Structures are given as C-alpha cells and as structure tokens.
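Naming convention: chains lettered A, B, ... in sequence-line order (proteins, then strands); numbering from 1 in each chain. Just so you know, these numbers come straight off a predicted model, no measurement behind them.
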Number of protein chains: 2
Amino acid sequence: MGTTQLETVPEPKYWHLKNVLSEALDQDFAVGEVLPNERELAARFGVARATLRQALEQLELEGRLQRRRGVGTTVAPPRVGVDVGGNRHGWPGDSVDGWQPLDATEGLAPAAVAALLGAATGPAAAGANAPAYAADAPVHIVRRTRATQGQAVAAELLYVPAASVPGLTGIEAPSGPARARAVLRELQRLVLDGQDRSVELGSARADDARELDRLPGAPVLLVTTRYLTEAGTAAVSVATYRADTCRLTFGDSGDVQITHEPRVAS
Amino acid sequence: MGTTQLETVPEPKYWHLKNVLSEALDQDFAVGEVLPNERELAARFGVARATLRQALEQLELEGRLQRRRGVGTTVAPPRVGVDVGGNRHGWPGDSVDGWQPLDATEGLAPAAVAALLGAATGPAAAGANAPAYAADAPVHIVRRTRATQGQAVAAELLYVPAASVPGLTGIEAPSGPARARAVLRELQRLVLDGQDRSVELGSARADDARELDRLPGAPVLLVTTRYLTEAGTAAVSVATYRADTCRLTFGDSGDVQITHEPRVAS
DNA sequence: GAGTGGTCTAGACCACTAT
DNA sequence: TAGTGGTCTAGACCACTCA
C-alpha cells in the first residue's frame with residue numbers, strides 16, 4: 001500500500017518514438033534532408049524495424065516525412081495550402097488555378113455519384129419534378145489533374161450528365177484534352193445556382209495513386225462537389241487530394257498565408 | 001518471345017485482401033454486424049495476422065469498419081455529414097449545432113496558433129498597424145466538444161487573445177462550462193468580418209483521442225478557423241474531427257443529404 | 001477468465017532507384 | 001549491383017471488455 005502507483009499508462013513504443021523523432025526533426029533536421037535508413041534507425045533506437053516503421057508512418061501521415069522506395073526518407077516541406085472554396089461560385093475551369101484537363105470519355109456514373117446527380121437539390125425540389133437524371137443515363141467523365149508549384153496535388157473525375165450539356169456534339173473534339181475542354185466550355189454556358197462540398201478521408205485508387213505519384217492506398221482527402229443549377233445537379237466532381245502534402249483552404253477573404261501547424265506531442 | 005507478358009504487377013496481398021473484404025462487406029454484411037476475429041480471418045484467407053490487419057486498417061481508414069479492443073470488428077455505418085461551413089458568418093456558439101463548452105483556461109497559444117493570431121489579415125493590413133497580438137500574450141483557451149447523433153465527433157480548442165475580449169472579468173465565472181460560455185458571449189459582441197478555414201489530415205493527440213473515444217494517433221481531420229474582425233484575427237479555432245466517422249460538409253444551400261460514397265476497387 | 005484487438009519482435013524476401 | 005523502402009511471416013505478449 002505504500003507504492004505510489006503513478007498512472008501505469010505504458011505508452012506504446014512507437015508512439016514515444018514518434019514524439020522523439022518529431023522533436024529531432026524540429027531541432028536537428030532541415031527540410032529535404034535525408035534521414036538514416038530504417039534499419040539503422042531501428043538499431044539506433046533499439047526497436048524492431050516494424051516498430052520504427054509504425055512511427056515513421058505516423059509522421060508521414062502528419063506530413064512531416066516523405067518516403068520513397070529505393071531512395072530514402074526525407075524531411076517534408078510544410079504542407080502547401082490549396083484553395084478549394086475560393087472559386088466559390090464558379091464552374092470548374094472558370095479560373096486557371098492549376099487544373100489541367102486530361103481527357104473526357106462517356107460512360108456510366110458509379111452508384112454513389114449517380115445518387116448525387118439524381119438527388120433533389122433542396123427542400124423545394126422534393127418529389128417528382130426535379131430529377132432530370134436517370135441512374136443508367138450516360139455521363140461525360142472529364143479527367144483533370146491539379147498541380148501546385150510543379151507538384152501534382154490532385155486528380156479529379158468530373159461527371160457531367162449528357163442532359164446537362166445538350167449543345168455538345170461528340171464530333172468536334174473526338175478525344176483527349178480538347179474534348180475535355182469542350183465539355184467544360186459547354187458547362188460554363190449554364191447558370192450556376194450554387195454548390196455544396198464535402199471533405200472526407202479516403203485511400204487512393206490505383207489510377208489516382210499513379211497520377212499523384214503515390215502508392216495505392218495512400219491517404220487522400222476526397223473532395224466531392226455538387227454543381228447546382230435551377231434544373232438540379234448539373235455536375236458532380238470527385239477530387240482526390242494528396243493528404244500528406246496538401247492543406248485544403250476555404251478562404252472567405254482572399255489569399256491568406258497560413259503557416260504549417262505541427263502537432264505537439266501529448 | 002512467345003510469352004504474352006501480361007503486366008506482371010504483383011498486387012500486394014493486403015491490397016487484394018482489402019478489395020475482397022470490401023466486396024464481402026457490401027454483399028454479405030449489414031451495418032453493425034461483427035466480423036470474425038482477426039486470427040480466424042487470417043487463417044481463412046491463408047495470410048499472417050499482420051497482413052490481414054493491414055487490410056483491416058485500410059478499411060477502417062475508409063470508414064467501412066470499426067474496431068474496438070476487447071470487443072471486435074464491426075461494420076461501420078455510413079459516415080455522418082457534419083456541417084462545418086454552413087455557420088459561415090457566425091461566431092462559435094452562435095447556433096447550437098451540437099457544440100458543448102467544457103471549460104476555459106488562460107495560457108499561452110502554441111507557436112503555430114500564435115502565428116495565425118499575429119498574421120496580417122490581408123493585403124491591406126500589411127506592415128506595422130494590424131497585429132494587436134504579441135506571441136507571448138495570454139489567451140483564453142476554450143475547450144468544446146461536438147456530438148452528432150449521440151456520438152462525439154470533434155474536440156476543439158478555441159484560442160481567444162485576452163485583448164479580443166476586454167470586457168471579460170475572470171471573476172464572474174471562475175471555471176468550468178460557465179466560464180467557457182462567458183468567453184463565447186464576449187466574443188459574440190464583436191463584429192465578425194469574415195473567416196477562413198483550412199482542412200488537413202492529422203493524428204489525434206492523446207487528450208483529443210480520449211475525448212473522441214479513439215486511440216492516440218488515430219487519423220483526424222484538423223479544421224483550423226480564423227475569425228477575423230476589423231482589428232485583425234480575433235480568435236483561432238483548431239477543431240479535431242474523427243476522420244473515420246465524419247464527412248465534413250460545406251453547404252452553400254441549406255441542408256443537403258449526401259449519401260456515403262464507397263471507393264471502388266481499382 | 002475467455003476472447004478481442006493492439007503492440008512488438010526477428011527475420012526473410014521483393015520492388016524500386018541510383019550508380 | 002548496392003542500398004533503399006515495401007511486403008510478409010510466425011510467433012509472443014499485453015490491454016481491454018464483458019460475462
């Protein structure tokens with residue numbers, strides 16, 4: 001009974017290790033510097049490589065490290081702020097903030113996207129009048145990528161029901177970026193009523209991962225945007241942002257520089 | 001030369017496993033149902049438990065699964081949409097959307113927050129006139145949590161420089177929720193000019209994790225908000241949202257129900 | 001106390017990058 | 001070809017929940 005029993009909370013090794021490394025990064029390393037390799041680090045800290053890797057994974061998730069197979073582990077620069085909401089009432093392509101159209105194809109929207117395209121736009125549009133979109137109707141699928149400071153940060157799939165762009169004839173631009181631009185141009189003719197957006201965590205599909213120069217399954221921020229017109233949802237965009245390097249910004253008041261915020265250890 | 005060489009891309013086992021499980025979840029499992037335990041699943045698929053766990057981790061990251069130590073792995077319900085931007089031009093506490101003040105203390109803002117508090121508000125406010133905040137000045141730190149449908153989804157630290165709320169006397173409410181409410185009340189007296197927000201991926205600090213009923217290091221979405229007045233940045237909020245269960249929504253057009261979007265396998 | 005997920009180990013091999 | 005990070009294994013023990 002004399003034992004003082006001081007909060008026996010055995011902190012996991014990898015957690016403690018993460019915090020130790022985090023401090024070391026702040027103090028002893030410059031951005032871009034390469035760390036010792038995993039086997040040496042593990043030996044130096046007296047843990048198994050798997051444990052060391054668990055700590056590194058955390059730090060990578062927090063945007064502190066960058067790991068590349070065959071190369072090594074380097075100290076990551078602060079996350080870049082990528083404006084997502086500033087273009088508040090514009091169609092995609094209205095302003096040139098790093099987006100690059102790749103191509104456009106015709107196909108079917110995945111179920112989740114179809115649901116968004118078919119959903120009512122608000123309390124007013126309930127019932128049988130609004131949904132000008134059937135789940136199995138063809139949609140134009142525009143692929144775009146976005147780069148900031150020479151780095152690919154996002155890949156997007158933009159789903160545009162054929163009904164939204166009746167003026168588009170498949171003949172004028174059979175394929176490639178030109179066709180993508182044609183779809184965007186037609187879209188910009190419509191009057192945009194509003195848009196709503198959502199952000200969630202996901203993992204990169206194989207194709208997105210390749211586009212973003214990451215491994216499949218890498219953590220990404222999924223930004224889903226609905227473009228609304230009087231007639232309903234005119235288009236849905238699903239953009240995949242690299243979660244390790246990006247900070248999504250929703251600026252109400254112009255360009256604002258927000259500096260990197262490192263998470264402090266508990 | 002007769003060999004057809006069909007894309008020798010050896011898909012990682014855990015990735016394939018993830019996709020197999022993902023399909024099984026769609027077809028054979030209902031929300032809330034418990035999966036067989038990890039040792040059995042690993043045996044059933046003929047892989048080591050660590051490999052099986054890698055697949056489960058991915059699915060948990062995508063919000064498809066929920067794992068609780070000592071209990072088991074269950075099928076997660078679709079992510080709940082949490083409105084983050086709808087309160088577009090309001091102070092925290094203006095509308096009651098699930099936030100619950102916990103307490104308020106006085107202390108120093110961490111460096112990253114201090115930078116935001118001290119930063120100029122825009123191109124107009126450059127130079128020496130704006131920053132009414134010194135890095136080592138005391139701030140009120142208000143803690144709040146947010147619940148949706150009975151579930152804790154977010155923990156927030158709201159940093160309010162003492163200079164922003166001169167009317168606040170420490171006497172009227174010495175501690176606890178009452179004091180937190182007092183700070184919020186004073187804040188609401190000010191005229192809000194605008195706000196800007198950013199979202200990034202992070203990992204839960206130990207205290208946030210406890211608040212959110214997760215383990216330390218769990219993936220979270222960090223929402224940083226600056227509240228701007230004529231005088232500069234009046235307050236900064238850093239909110240930590242559970243990334244596994246939440247989808248942040250930024251609605252321009254009222255309440256919109258967006259359904260869960262499962263990511264399709266590559 | 002039985003059963004669950006969480007942590008950790010020591011080793012092996014593979015895929016990729018650079019030289 | 002040497003060196004890096006990525007995958008995988010088979011096993012052990014620990015922390016937690018619940019009957």
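Using a cut-off of 4.0 Å between Lys/Arg side-chain N and Asp/Glu carboxylate O, A:E38 and A:R53 are scored as salt-bridged. Residues B:R179 and B:E106 are paired through a salt bridge, judged by an N-O separation under 4.0 Å between the basic side chain and the carboxylate. A salt bridge is defined here as a Lys NZ or Arg NE, NH1 or NH2 lying under 4.0 Å from an Asp or Glu carboxylate O, and B:D26 with B:R64 meets this definition.
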Nucleic acid footprint by protein, nucleotides 4-14 of chain D - heavy-atom cut-off 4.0 Å, B for base, S for sugar-phosphate alone: BBBBSB--BB-

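For the side-chain hydrogen bond (donor to acceptor under 3.5 Å, both in side chains) test, no residue two or more places apart in sequence or in another chain qualifies with B:Q151.
More than 12 heavy-atom neighbours from other residues, nucleotides or ligands sit within 6.0 angstrom of CD on A:Q27.
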